[in-house]
Every structure is written in structure tokens, then in C-alpha cells.
Undergrad: 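Following this message is one structure expressed as C-alpha cells.
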Amino acid sequence: MYTLETLKQRLKEIEQMGYIPTHRSGPTGIGKTLEDLLGINENNIAGADLGDLGELKSCRNNQTSMITLFTKSPKPPRVNGILLNTYGYVDPRRDSRKILHSTVSGTSYNTVNGTPYGFKVEVVGDRLYLKSNFPQQVTAYWEKEDLKKAFEKKLPKLIFVKANCKGTGRNEEFHFVEAYQLSGFSFKNFEELINRGIIKIDIRIGQYPDGRTHDHGTAFRIMNNQIHLCFAHRIKLL
DNA sequence: GGTACCTGGAT
DNA sequence: CATCCAGGTAC
């Protein structure tokens, strides 16, 4: 495991390697490539990759995208499948099973797939409810306590690495050029940012290439250019 | 084999 | 800004 100093050294080595071919095609290639370079085994453990140093995040420079803080499915169990069946729509490119992608805010209802209907998130007591204005209602919610646990597992600190990129698909390459350790993000602040619509809840249910349903996980996300709103402190590592 | 996590986007 | 989307694994 790294210390802050050995991590800084390794990041410098990686920077000096220049452009590095992606280890996986598609959006997730940058994260997989960086994990490999740092010797982190791919995992789906709900915890910080770098232990006390924080959770590892990476993104491409000059591109606007959202950072996933953590994923947490709503309750009750398997309700994502019900949401998919109830509100999903057929992917016109595949014309098979339903998919459901929707970025939900705390401030107002969104719209889903060109319909007049959508979702918003609303705090009621100890829960966050996924509310909808669709004619058909489904009850889905998160316990604040569950979110607090997920939050505290991953987000006390965060290692944020940026790369210049060129090429596309399997031929994409990354030059990791900038890195920070961010800290000082409280759950109270997290709740506040959800209420203000800064942190959004992203429902991401798509399909595998063979047409099977692929739930990428319901994510709590923020635009990468607003990540500074979460953390009080920042240390430059590269 | 479905569910719930991991890693990230384009327009 | 919002709407809609991507490739992986453990169990």
C-alpha cells in the first residue's frame, strides 16, 4: 500500500511515461488503466481503493462529465427492476429489452425519454424518496443511514487524477498529468448538496451487447467542475 | 443468471 | 445546464 509520498513518486513516474494506450475501450478505460499502473486489482468492493489515502478517481481533461461519488441501489430490494419495467423504454438502436437512464435532481422533476413525466428526489424524515409524476407510482427510497455508511466508506478522502487524451475506442491513449488529494467532505454537506441539486442521483440501467439487462448501479454524482464544492481541503500530488 | 457493486462518458 | 449513455466483476 502507498503512503502519500510513495504515491506522489509513482504518479510522477506515470506522468513521465507519457501517453499510455488504454487497457480497455470506452469511458471506463481511463480508470482501469490508472488502476493497473498503480497496481490496484479491479474490484467491486464498496470501499476506498487506496485505503487511508482515499478513493481513486480519474477523468479526461477538457471534457465535461460527472464523477460518481458512490453507487447505492434504492430500497426495497430489486426495486430497480420494477423501475425498469415500469418507466423504462426500448433502446431504439437495439429494439429489444427496456433501458432506463435518468439523472435525478433534488430541485425539480426531470423528464424521461421525451415523455412529460420524470423523477425528483425528496427528503422525508430519515429517507430520500425517488418521487415521480408518472401516472403509475413505484415506491423507491434510500435510508439516510445507508447513504451515510456508503459515504463514510468511500469519501473521507479522494485522489483525483486528470489525463490528457488522444485517439478513440481501443486506440485511446492517456497522459496522466495532474493529481490532487481532496479531503474534508462531511455527510451533512453531502445532504445539503443533494437538496440543492448539485449532487444528482443517476439511474443507469442499460444493456450488455448481447441484450441482457445491465444495471450499472444507481449513482450519486457531481459534475467534475463542481467537485470542489464537496471538499474543504486540497493537496496537489502531481 | 439476476442483482448490486466497481470503473467512467457524449450530446 | 439537462438528457441519456459506456465496459467490467462478486456472489
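Bear in mind the structure is a predicted one, so any value in this text is a computation, not a measurement. By convention in this document, chain letters (A, B, ...) are assigned in the order of the sequence lines, proteins followed by strands, and residues within each chain are numbered from 1.
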Undergrad: Counting only side-chain heavy atoms from C-beta out, which of B:dG9, C:dG8, B:dC6 sits nearest to A:M66?
TA: B:dG9

Undergrad: So, is A:K200 close to the C:dA2 phosphate, meaning a side-chain N or O under 4.0 Å from OP1 or OP2?
TA: yes

Undergrad: Between A:K188 and A:E191, is there a side-chain N and carboxylate O pair less than 4.0 Å apart?
TA: no

Undergrad: Mind checking whether A:F187 and A:F151 have parallel, tilted or perpendicular rings, split at 30° and 60°?
TA: perpendicular

Undergrad: Does A:K148 come within less than 4.0 Å of A:E152, counting only side-chain N to carboxylate O?
TA: yes

Undergrad: When you measure from the centre of the six-membered ring of A:Y19, is the NZ or CZ of A:K166 under 6.0 Å away and within 45° of the axis?
TA: yes

Undergrad: Salt bridge check: are A:K32 and A:E35 linked by an N-O gap of less than 4.0 Å?
TA: no

Undergrad: In whole Å, I'd like the distance from the CG atom of A:L229 to the P atom of C:dC1.
TA: 10 Å

Undergrad: By nearest nucleotide on DNA chain B, pick out whichever of A:N43 and A:R97 is the more 5' one.
TA: A:R97

Undergrad: Expressed as a whole number of angstroms, how long is the span from A:M223:CE to B:dG8:C1'?
TA: 13 Å

Undergrad: Any base atoms under 4.0 Å from A:S105, or only sugar-phosphate, or nothing? Heavy atoms, all strands.
TA: nothing

Undergrad: Could you check how far NZ of A:K149 sits from C1' of B:dC5, rounded to whole Å?
TA: 17 Å

Undergrad: In terms of side-chain geometry, is the basic nitrogen of A:R170 or A:E172 positioned less than 4.0 Å from the acidic oxygen of its partner?
TA: no

Undergrad: Roughly, in whole Å, what's the span from CG in A:L69 to P in B:dC5?
TA: 15 Å

Undergrad: What nucleotide, of B:dC5, C:dG7, B:dA4, holds the atom closest to the side chain of A:P209?
TA: C:dG7

Undergrad: Report which part of the nucleic acid A:Y109 touches: base, sugar-phosphate, or nothing (heavy-atom distance under 4.0 Å, all strands).
TA: nothing

Undergrad: Using a cut-off of less than 4.0 Å, is there contact between a side-chain N or O of A:Q63 and OP1 or OP2 of B:dA10?
TA: yes

Undergrad: Applying a 4.0 Å non-hydrogen cut-off, can you work out what A:G114 is touching in the nucleic acid: base, sugar-phosphate, or nothing?
TA: sugar-phosphate

Undergrad: Taking the side chain of A:Y89 as its heavy atoms from C-beta onward, which of B:dC5, C:dG7, C:dC4 lies nearest to it?
TA: C:dC4

Undergrad: Under 4.0 Å between a side-chain N/O of A:R94 and OP1 or OP2 of C:dC5, yes or no?
TA: no

Undergrad: Please report, rounded to the nearest Å, how far the P atom of B:dG9 is from the NZ atom of A:K57.
TA: 11 Å

Undergrad: Given the structure, check if the side chain of A:H216 and the base of B:dG8 hold any donor-acceptor pair shorter than 3.5 Å.
TA: no

Undergrad: Within this structure, what is the CG-to-C1' distance between A:D202 and B:dA4, rounded to whole angstrom?
TA: 16 Å

Undergrad: Counting the atoms with a prime plus P, OP1 and OP2 as sugar-phosphate, which does A:N110 contact under 4.0 Å by heavy atoms, base, sugar-phosphate, or nothing?
TA: sugar-phosphate

Undergrad: Using a heavy-atom cut-off of 4.0 Å across all strands, would you classify A:S58 as base, sugar-phosphate, or nothing?
TA: sugar-phosphate

Undergrad: Quick check: closest heavy atoms across A:V79 and A:T139, and the distance to 0.1 Å?
TA: CG2-O, 3.6 Å

Undergrad: Whether A:H101 contacts C:dC4 is assessed here as follows: a side-chain N or O lying under 4.0 Å from the phosphate OP1 or OP2. Is that the case?
TA: no

Undergrad: Between A:K149 and A:E143, does any NZ, NE, NH1 or NH2 come within less than 4.0 Å of an OD or OE carboxylate oxygen?
TA: no

Undergrad: Between C:dG7, B:dA10, B:dC6, which nucleotide gets closest to the side-chain atoms of A:A46?
TA: B:dC6

Undergrad: Categorize A:E55 for me: base, sugar-phosphate, or nothing, with a 4.0 angstrom heavy-atom threshold over every strand shown.
TA: sugar-phosphate

Undergrad: On DNA chain B, check which nucleotide each of A:R212 and A:S73 is closest to and give me the residue with the more 5' one.
TA: A:R212

Undergrad: Across the strands shown, which category fits A:K153 at heavy-atom distances under 4.0 angstrom: base, sugar-phosphate, nothing?
TA: nothing

Undergrad: Could you list by number each residue of residues 29-42 of chain A showing a heavy-atom separation from DNA chain B of less than 4.0 Å, or answer none if no residue does?
TA: A:I30, A:G31, A:E35

Undergrad: Please confirm whether any donor atom in the side chain of A:T71 sits under 3.5 Å from an acceptor in the base of B:dC6, or the reverse.
TA: no

Undergrad: Looking at C:dT3, I'd like to know if its phosphate oxygens (OP1 or OP2) sit under 4.0 Å from a side-chain N or O belonging to A:T111.
TA: yes

Undergrad: For a quick check, tell me whether the side chain of A:H214 and the base of C:dG8 share a donor-acceptor pair closer than 3.5 Å.
TA: yes

Undergrad: Looking for any heavy atom pair under 4.0 Å, which part of the strands does A:R221 touch: base, sugar-phosphate only, or nothing?
TA: base

Undergrad: Rounded to whole angstroms, how far apart are CZ on A:R204 and P on B:dC5?
TA: 12 Å

Undergrad: How would you label the contact of A:I67 with the nucleic acid (heavy atoms, under 4.0 Å): base, sugar-phosphate, or nothing?
TA: nothing

Undergrad: If you pin A:P27 and A:N44 to their nearest nucleotides in DNA chain C, which one's is more 5'?
TA: A:P27

Undergrad: Rounded to the nearest angstrom, tell me the gap between atom CD in A:Q207 and atom P in C:dG7.
TA: 11 Å

Undergrad: Any idea which of C:dA6, B:dA4, B:dC6 is nearest the A:T28 side chain?
TA: C:dA6

Undergrad: With A:D202, which residues qualify under salt bridge (charged side-chain N to carboxylate O under 4.0 Å, His left out), at least two apart?
TA: A:R221

Undergrad: For A:G206, report the nucleic acid contact type (base, sugar-phosphate, nothing); a contact means any heavy atom under 4.0 Å.
TA: nothing

Undergrad: Would you call the rings of A:F220 and A:W142 parallel, tilted or perpendicular if under 30° counts as parallel and over 60° as perpendicular?
TA: perpendicular

